[in-house]
Amino acid sequence: MTYESSSPPLSRAELGPDSAASRLAPQLAQFAAVARLEHVTQAAQLLGMPQPTLSRAVARLEGELGVQLLARQGRTVRLTRAGRLLLGSVERALAELERGAEAARAEADPAAGRVAFGFLHTMGTDAVPALLRDFRAEHPKVRFQLVQDYVTAMLERLRAGELDLCLVSPLPDAPDLTARPLDEQRLYLTVPVDHRLAGRRRIRLVEVADEPFVAVEEGYGLRAITDGFCAEAGFVPRIAFEGEEAETLRGLVAAGLGVALLPPSLVPRPGVVELEVTAPRTRRAIGLAWVTGRPLTPPVAAFRDFVLSRRGRLLDHD
């Protein structure tokens with residue numbers, strides 16, 4: 001779920017060697033210090049710089065703007081009307097900059113930073129909650145942004161920097177991504193309870209080559225895996241219905257609308273039977289992916305290492 005702010009978007013300043021923002025930004029904090037203290041020498045001491053250097057910096061700012069910002073009165077100074085107008089905007093800009101810097105520091109805080117973690121819909125009911133519970137036992141203040149999506153969309157967000165880590169299947173094979181296998185999950189052929197094969201325990205996938213299938217939409221990893229297993233069995237599945245959630249597909253199967261290759265259900269689902277497929281070996285690899293070479297913040301690195309330590313124990317084996 002995505003939340004969007006109702007505040008109007010901020011307009012961005014023009015940047016470039018001749019833009020006002022580029023020319024003036026380095027001098028604004030110096031001007032604010034002088035304006036707050038109304039004393040150049042005290043402001044220079046606060047900033048840790050020589051008083052003549054600060055005086056020249058404020059003079060350059062006045063020259064850039066073409067207005068007088070300060071009225072000198074001996075060793076003290078007073079803001080002109082133009083100076084007061086500028087100071088209001090400068091104080092808001094500096095406060096926003098401080099908030100941004102603090103947010104950036106908080107993001108990388110080893111104890112209380114944030115991890116943007118994407119994962120498959122089918123991992124959200126048991127595997128991911130268990131991972132988060134066990135990790136938070138050792139890192140109770142680390143915050144998480146959780147995103148459930150299909151593989152293609154998650155990898156796009158991973159590359160764009162919106163996500164730090166992704167739990168995916170199949171594992172991506174791309175030079176800009178690093179992927180580490182964690183576990184394998186058996187996929188069962190799910191059929192209606194009154195299906196001709198419902199009394200069997202094991203089947204070969206080719207036995208349902210002429211059956212209608214229900215499957216997730218194209219772009220989902222499970223769809224690519226389903227198509228691949230069917231091709232390995234020697235046929236192209238006839239997709240009757242497409243959905244986004246495994247439980248929705250199970251419901252379609254229970255209604256007699258087709259069969260499906262699905263991960264095991266956590267709780268028995270009325271109206272369906274799960275059959276083990278002996279040929280081909282219908283298992284999918286599940287792994288963790290991140291962008292190759294991109295530095296990870298301490299909380300992200302800690303969570304990555306924790307997840308990798310669960311290799312072979314991510315799922316309950318059947």
For R202, does its backbone N or O pair with a side-chain atom of T278 as donor and acceptor, under 3.5 Å? no
Going by the rule ring-ring contact (aromatic ring centres under 6.0 Å, His included), which residues pair with F213 if we only count those two or more places apart in sequence or in a different chain? none
Could you tell me whether the side chain of R72 and the main chain of L70 form a donor-acceptor pair under 3.5 Å? yes
Minimal heavy-atom distance between Y220 and E244, with the atoms involved, is OH-CG, 3.3 Å
In this structure, are over 12 heavy atoms from other groups packed under 6.0 Å from D305 atom CG? yes
Report yes if the side chains of R186 and P264 come closer than 4.5 Å at any heavy-atom pair, otherwise no. no
Go through it in stages, so that I can follow the logic: the residues are F117 and V147, the test is side-chain contact (heavy atoms from CB on, under 4.5 Å), and I'd like the CA-CA distance, side-chain angles, deciding distance and then a yes or no. CA-CA 6 Å; F117 182 42; V147 174; over 6 Å; no
Side chains of E245 and R250: does their closest heavy-atom pair fall under 4.5 Å? no
Is any side-chain heavy atom of F306 closer than 4.5 Å to a side-chain heavy atom of D134? yes
side-chain contact (heavy atoms from CB on, under 4.5 Å) between T190 and V259: does it pass, once the steps are laid out? CA-CA 6 Å; T190 306; V259 301; over 6 Å; no
For Q148 and L120, what are the C-alpha separation, side-chain angles and deciding distance, and is it a side-chain contact (heavy atoms from CB on, under 4.5 Å)? CA-CA 6 Å; Q148 292 177 274; L120 304 166; over 6 Å; no
Shared hydrophobic cluster, L261 / Y188 (ILVMFWY, side-chain heavy atoms < 4.5 Å): no
Compare every heavy atom of P237 with every heavy atom of D227, then report the nearest pair and how far apart it is. OD1-CG, 3.6 Å
Would you indicate whether the side-chain heavy atoms of D210 and F235 approach each other to under 4.5 Å? no
Rounded at 0.5 Å granularity, tell me how far CG in L131 sits from CZ in F119. 10.0 Å
Let's go through R304 and L288 carefully: what are the C-alpha distance in whole Å and the side-chain angles of both, what is the deciding distance for side-chain contact (heavy atoms from CB on, under 4.5 Å) to 0.1 Å, and is it a yes or a no? CA-CA 8 Å; R304 179 199 61 183; L288 190 69; 3.8 Å; yes
Distance, nearest 0.5 Å, that separates CD of Q27 from CG of L54: 10.5 Å
Is the backbone N or O of L69 less than 3.5 Å from a side-chain atom of E62, with the two atoms forming a donor-acceptor pair by type? yes
Can you name the nearest heavy-atom pair linking S55 to V40, along with the distance? OG-CG1, 3.4 Å
Does L28 share a hydrophobic cluster with L79, counting links as ILVMFWY side-chain heavy atoms below 4.5 Å and allowing steps through other members? yes
ILVMFWY network linking V273 to L252, side-chain heavy atoms under 4.5 angstrom: yes
Any idea how H139 and F135 line up, ring-wise: parallel (<30°), tilted (30 to 60°), or perpendicular (>60°)? parallel
Heavy-atom pair with the smallest gap, counting every atom of T122 and A246: CG2-CB, 3.8 Å
For Q30 and A57 the tightest heavy-atom approach is OE1-CB, 3.1 Å
Hey, does the side chain of R143 reach the backbone of A112 with a donor-acceptor pair shorter than 3.5 angstrom? yes
Would you say that E91 contacts R36 through its side chain, given a criterion of any heavy-atom pair below 4.5 Å between the two side chains? yes
With a 4.0 Å cut-off, would you call E211 and R196 a salt bridge? yes
Does any N or O in the side chain of D164 come within less than 3.5 Å of the main-chain N or O of A116, such that one atom is a donor and the other an acceptor? yes
Approximate separation, where rounding is to 0.5 Å, of L205 CG and C230 SG: 5.0 Å
Kindly indicate whether the side chain of L165, heavy atoms from C-beta on, has any atom under 4.5 Å from the side chain of V307. no
Please check this pair: side chain of S265 against backbone of P268, looking for a donor-acceptor N/O pair closer than 3.5 Å. no
State whether the side chain of R313 and the backbone N or O of S309 hold a donor-acceptor pair below 3.5 Å, judged by distance alone. yes
Are V216 and I286 linked, directly or through other ILVMFWY residues, by side chains that come within less than 4.5 angstrom of each other? no
Output all residues satisfying ring-ring contact (aromatic ring centres under 6.0 Å, His included) with F229, sequence neighbours left out; order by chain, then residue number. none
Under 3.5 Å donor-acceptor, T248 side chain and G243 backbone: no
Look at the side chain of R310 and the backbone N and O of L314, then say whether any donor-acceptor pair between them is shorter than 3.5 Å. no
So, the side chain of E207 versus the backbone of R204: is there a donor-acceptor pair under 3.5 Å, distance only? yes
May I have the list of side-chain donor-acceptor pairs in residues 289-298 shorter than 3.5 Å, sequence neighbours left out?
residue: T292; atom: OG1; partner: D176; partner atom: O; Å: 3.4
residue: T292; atom: OG1; partner: L177; partner atom: N; Å: 3.4
residue: T292; atom: OG1; partner: L177; partner atom: O; Å: 3.4
residue: T292; atom: OG1; partner: T178; partner atom: N; Å: 3.2
residue: T292; atom: OG1; partner: T178; partner atom: OG1; Å: 2.8
residue: R294; atom: NH1; partner: L158; partner atom: O; Å: 2.8
residue: R294; atom: NH2; partner: R159; partner atom: O; Å: 2.8

Does this structure show an ion pair linking E242 with R223, if we count only N-O contacts that are shorter than 4.0 Å? yes
Any side-chain heavy-atom pair of R281 and E184 under 4.5 Å: yes
Quick check: is V151 connected to L171 through a chain of hydrophobic side chains (ILVMFWY, heavy atoms under 4.5 Å apart)? no
CG on L187 to OG on S169, rounded to 0.5 Å: 7.5 Å
What heavy-atom pair brings A260 and V253 nearest, and what distance separates the two atoms? CB-CG2, 3.9 Å
Answer yes or no: is there a side-chain heavy-atom contact under 4.5 Å between L222 and P263? yes
